[in-house]
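Keep in mind that what you see is a predicted model, and the values were worked out from it rather than measured. Lettering follows sequence order; numbering is per chain, from 1.
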There are 2 protein chains.
Amino acid sequence: MAATGRGGAEHDETASPSARLGAYIEERGLKHSRQRERIAQTFFDMGGHVTVEQLVVRCRRDDARISVATVYRTMKLLAECGLASARQFGDGQTRYEPAAGRAHHDHLICTSCGEIVEFANERIETLQALVARRHGFEVESHRLELYGRCARCKAARPREVRP
Amino acid sequence: MAATGRGGAEHDETASPSARLGAYIEERGLKHSRQRERIAQTFFDMGGHVTVEQLVVRCRRDDARISVATVYRTMKLLAECGLASARQFGDGQTRYEPAAGRAHHDHLICTSCGEIVEFANERIETLQALVARRHGFEVESHRLELYGRCARCKAARPREVRP
DNA sequence: GTGCCTGCAAAAAATTTGCAACAAC
DNA sequence: GTTGTTGCAAATTTTTTGCAGGCAC
């Protein structure tokens, strides 16, 4: 729990996730709890793009009594304080990824094995802004997802239709 | 029901939606029905980005007995034969838009009034393909959505946070 | 001790499915 | 007449919520 500059105002982008969550909780008069700590820790350990279900399973390896509702509530909390962000990849389940101080990025998703790769492309972002302006829009956020087959799956089964 | 070249093979991209649906139904040994006709017609009349719920409401103005299940089933059928395509804009409801012979396009979505505008940008597509190749992916499809405030909403309430 | 949190189970919301009656061919 | 389709209601799936008891402060 690195106490990296937990000084004062607003959200310190340089603080560790734990510290930021702690700060957020205290600012709002909320309370720390064993569950919140465990869920947040598990979430960051898992690295990203996890569904609530996966998170529940993993959390329960350490503490079998963690309830689904608490995981939902905690992930919502993490999203509110900017430590996680929710994504929909069209499979019906919300996925969360760490968001603390990370630059914007988009996703490549393998339709064969489900692998999710992140990427960022400055030029695409620039063009997006351009397109939006042309339509009179002020962009707040965007999502770009490329669906296809990753190198490994291509090699394994060239030109085959996915399951 | 323009009988535009309903000649023979596969899916005639030049045929009218009704004709294509008819062809698809016959090819597969399925049956025509009053409901399918009505739902398809209503869908095409509505122009796009409609939810199943909106479709049900509208269909029931003409025929109060149309059931939700039938609308779901028919939209799935339209999607299968390439006349409609399903989109998820993250609000939890699937939206459908006409897809017959239309070029690929992406969406601008107003977070204030919900307006959905389509756009296409060749250069963005090119860059996407480039990024994918760089990661060893073979792209099958993609989605790009820009969320923000449209010109009208910006003018109405400049710089205000959305509801 | 007060007030937020948790777990459980019930509730919601969107979509799917089983089934008997019904319509298309 | 056979077979696919419909409407209804029940089932599913994902997420939310009410509530009594528990834990943090």
Side-chain angles (χ1 to χ4, degrees), chain A residues 1 18 21-43 49-57 59-81 84-96, chain B residues 1 18 21-43 49-60 62-81 84-96:
Chain A
M1 267 157 241
S18 291
L21 177 57
Y24 186 86
I25 284 177
E26 281 159 32
E27 269 167 33
R28 311 244 161 165
L30 306 177
K31 288 173 182 169
H32 292 279
S33 80
R34 174 176 47 82
Q35 290 89 334
R36 285 181 175 169
E37 223 110 301
R38 165 138 297 145
I39 294 165
Q41 193 54 56
T42 305
F43 169 62
H49 311 123
V50 288
T51 63
V52 170
E53 201 186 348
Q54 293 170 331
L55 214 34
V56 169
V57 169
C59 285
R60 284 187 174 159
R61 296 216 299 233
D62 299 310
D63 180 347
R65 290 165 307 170
I66 298 258
S67 84
V68 188
T70 301
V71 176
Y72 273 105
R73 289 188 276 230
T74 302
M75 290 319 295
K76 191 154 282 185
L77 187 66
L78 288 175
E80 273 164 30
C81 67
S85 74
R87 295 263 183 176
Q88 307 273 159
F89 291 140
D91 61 349
Q93 275 177 104
T94 300
R95 284 165 191 275
Y96 284 94
Chain B
M1 259 163 247
S18 290
L21 177 57
Y24 185 87
I25 284 177
E26 279 158 33
E27 269 167 32
R28 311 244 161 166
L30 305 178
K31 288 172 181 170
H32 291 280
S33 80
R34 174 176 46 81
Q35 290 89 334
R36 284 182 176 169
E37 223 109 301
R38 165 136 299 146
I39 293 164
Q41 193 54 56
T42 304
F43 168 61
H49 311 124
V50 287
T51 63
V52 171
E53 200 185 349
Q54 293 170 331
L55 215 33
V56 169
V57 170
R58 184 74 164 256
C59 286
R60 285 188 174 159
D62 299 312
D63 181 345
R65 290 164 309 170
I66 298 258
S67 84
V68 187
T70 302
V71 176
Y72 273 105
R73 289 188 276 230
T74 301
M75 290 317 296
K76 191 156 282 185
L77 186 67
L78 287 175
E80 272 164 33
C81 68
S85 74
R87 294 262 184 176
Q88 307 273 157
F89 292 139
D91 61 350
Q93 274 177 104
T94 299
R95 285 165 190 275
Y96 284 94

Looking at B:Arg36 and B:Thr74, would you say the former's side chain and the latter's main chain have a donor-acceptor pair under 3.5 Å? no
By nearest atom, which of the nucleotides D:dG7, C:dA24, D:dT15 is closest to the B:Ser67 side chain?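 The answer is D:dG7, which lies nearest to the side chain.
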Looking at the side chain of A:Ala69, which of D:dC25, C:dA9, D:dC8 is the nearest nucleotide? C:dA9
Expressed in angstrom and rounded to an integer, what is the separation of [X] atom [atom1] from [N] atom [atom2]?
{"X": "A:Leu55", "N": "D:dT14", "atom1": "CG", "atom2": "P", "answer": "15 Å"}
{"X": "A:Asp91", "N": "C:dA14", "atom1": "CG", "atom2": "P", "answer": "18 Å"}
{"X": "B:Ile25", "N": "D:dG4", "atom1": "CD1", "atom2": "C1'", "answer": "11 Å"}
{"X": "A:Leu30", "N": "D:dC23", "atom1": "CG", "atom2": "C1'", "answer": "15 Å"}
{"X": "B:Leu77", "N": "D:dG4", "atom1": "CG", "atom2": "P", "answer": "14 Å"}
{"X": "B:Arg73", "N": "C:dG18", "atom1": "CZ", "atom2": "P", "answer": "11 Å"}
{"X": "B:His32", "N": "D:dT6", "atom1": "NE2", "atom2": "C1'", "answer": "17 Å"}
{"X": "B:Tyr24", "N": "D:dT5", "atom1": "OH", "atom2": "P", "answer": "11 Å"}

[N] OP1/OP2 closer than 4.0 Å to side-chain N/O of [X]:
{"X": "A:Thr94", "N": "D:dT14", "value": "no"}
{"X": "B:Tyr72", "N": "C:dT15", "value": "yes"}
{"X": "B:Gln35", "N": "D:dG7", "value": "yes"}

A:Val52 vs A:Gln93 side-chain heavy atoms within contact, under 4.5 Å: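 Not touching, per the 4.5 Å side-chain cut-off.
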[X] side, atom [atom1]; [Y] side, atom [atom2] - distance, nearest 0.5 Å:
{"X": "A:Gln88", "Y": "B:Asp91", "atom1": "CD", "atom2": "CG", "answer": "9.5 Å"}
{"X": "A:Arg34", "Y": "A:Asp63", "atom1": "CZ", "atom2": "CG", "answer": "5.0 Å"}
{"X": "B:Arg60", "Y": "B:Arg38", "atom1": "CZ", "atom2": "CZ", "answer": "13.0 Å"}

Does B:Arg28 make a side-chain donor-acceptor contact with the base of D:dG4, cut-off 3.5 Å? no
Tell me if the side-chain of B:Arg36 makes a donor-acceptor pair with the base of D:dG4, cut-off 3.5 Å, by modelled atom types.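 Such a pair does not exist between side chain and base.
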Using the C1' atoms of the five pairs at each end, what is the angle between the end axes of the helix from C:dG1-D:dC25 to C:dC25-D:dG1, to 10°?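 Rounded value for the end-axis angle: 20°.
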Using heavy atoms to find the nearest nucleotide of DNA chain D for B:Val71 and B:Gly29 separately, return the residue whose nucleotide is more 5′.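 The residue mapped nearer the 5' terminus is B:Gly29.
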Residue whose closest nucleotide on DNA chain D lies nearer the 5' end, B:Thr74 versus A:Glu53: B:Thr74
Let me spell it out: for each of B:Gln88 and A:Arg65, pick the nucleotide of DNA chain C with the closest heavy atom. Which residue's pick is nearer the 5' end?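 This one resolves to A:Arg65.
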Reading DNA chain C from 5' onward, which residue's closest nucleotide shows up sooner: B:Ser33 or B:Lys76? B:Lys76
Considering non-hydrogen atoms only, spot the tightest contact between [X] and [Y] and give its length.
{"X": "A:His49", "Y": "A:Gln54", "value": "O-OE1, 4.0 Å"}
{"X": "A:Ala86", "Y": "A:Thr94", "value": "CB-CG2, 3.8 Å"}
{"X": "A:Tyr96", "Y": "A:Lys76", "value": "OH-N, 4.4 Å"}

